[in-house]
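Have a look at the structure below, then the notes.
It should be emphasised that the depicted structure is a prediction, and the values quoted were computed from it without experimental measurement.
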Amino acid sequence: MINSIVFSSCSQDTLPDPRYRWDLFQNSPNWELAKAAAQEDTSKFYEILKNNKININLQEPKFGRTLLLVSIATAKEESTETLLKAVTD
């Protein structure tokens, strides 16, 4: 239900919005996690979380977006689900 609401509100015609880019996390502690989320590589995502102290709610410095917000805006369904699970753990 959440996915249908979230993803139906994201139009691919309006992307790429410069405020919702994975590369905004470059040079941050979450860069590797951002790359895994962008590729929807959930196994790599969990490996990074397991082996590192990561602040999943870290905001990129330019626009203040989190990985979850970028994931939703770029319609990365698997990454969004994975991030939601990680945030609640």
Please report, to 0.1 Å, the donor-acceptor pairs under 3.5 Å made by any side chain of residues 40-50, with sequence neighbours excluded.
| from | atom 1 | to | atom 2 | distance (Å) |
| --- | --- | --- | --- | --- |
| E40 | OE2 | E77 | N | 3.1 |
| E40 | OE2 | E78 | N | 2.8 |
| E40 | OE2 | S79 | N | 3.1 |
| D41 | OD1 | S43 | OG | 3.0 |
| D41 | OD1 | K44 | N | 3.1 |

ask   = Distance from L84 atom CG to L68 atom CG, nearest 0.5 Å?
value = 5.0 Å
query = Under 4.5 Å between side-chain heavy atoms, hopping through other hydrophobics if needed: is there a path connecting W22 to V87?
reply = yes
query = Rounded to the nearest 0.5 Å, what separation is found between the CG atom of L67 and the CD atom of E60?
reply = 9.5 Å
Per-pair distances, 0.1 Å, donor-acceptor, side chain in residues 30-39, under 3.5 Å, sequence neighbours excluded:
| from | atom 1 | to | atom 2 | distance (Å) |
| --- | --- | --- | --- | --- |
| N30 | ND2 | N55 | O | 3.0 |
| E32 | OE2 | K35 | NZ | 3.1 |

Check: N52 side chain, I54 main-chain N or O, donor-acceptor pair, under 3.5 Å = no
Rounded distance [0.5 Å steps], CG in N27 versus CG in L24 = 11.0 Å
task = May I ask you to test the T66-L58 pair for a side-chain heavy-atom distance under 4.5 Å?
result = no
key: CD on Q59 to CZ on R65, rounded to 0.5 Å   = 9.0 Å
ask   = Is any side-chain heavy atom of I72 less than 4.5 Å from a side-chain heavy atom of Y20?
value = no
NZ on K76 to OG1 on T74, rounded to 0.5 Å = 6.0 Å
Residues that D23 engages under salt bridge (Lys or Arg N to Asp or Glu O under 4.0 Å), provided they are two or more places apart = R21
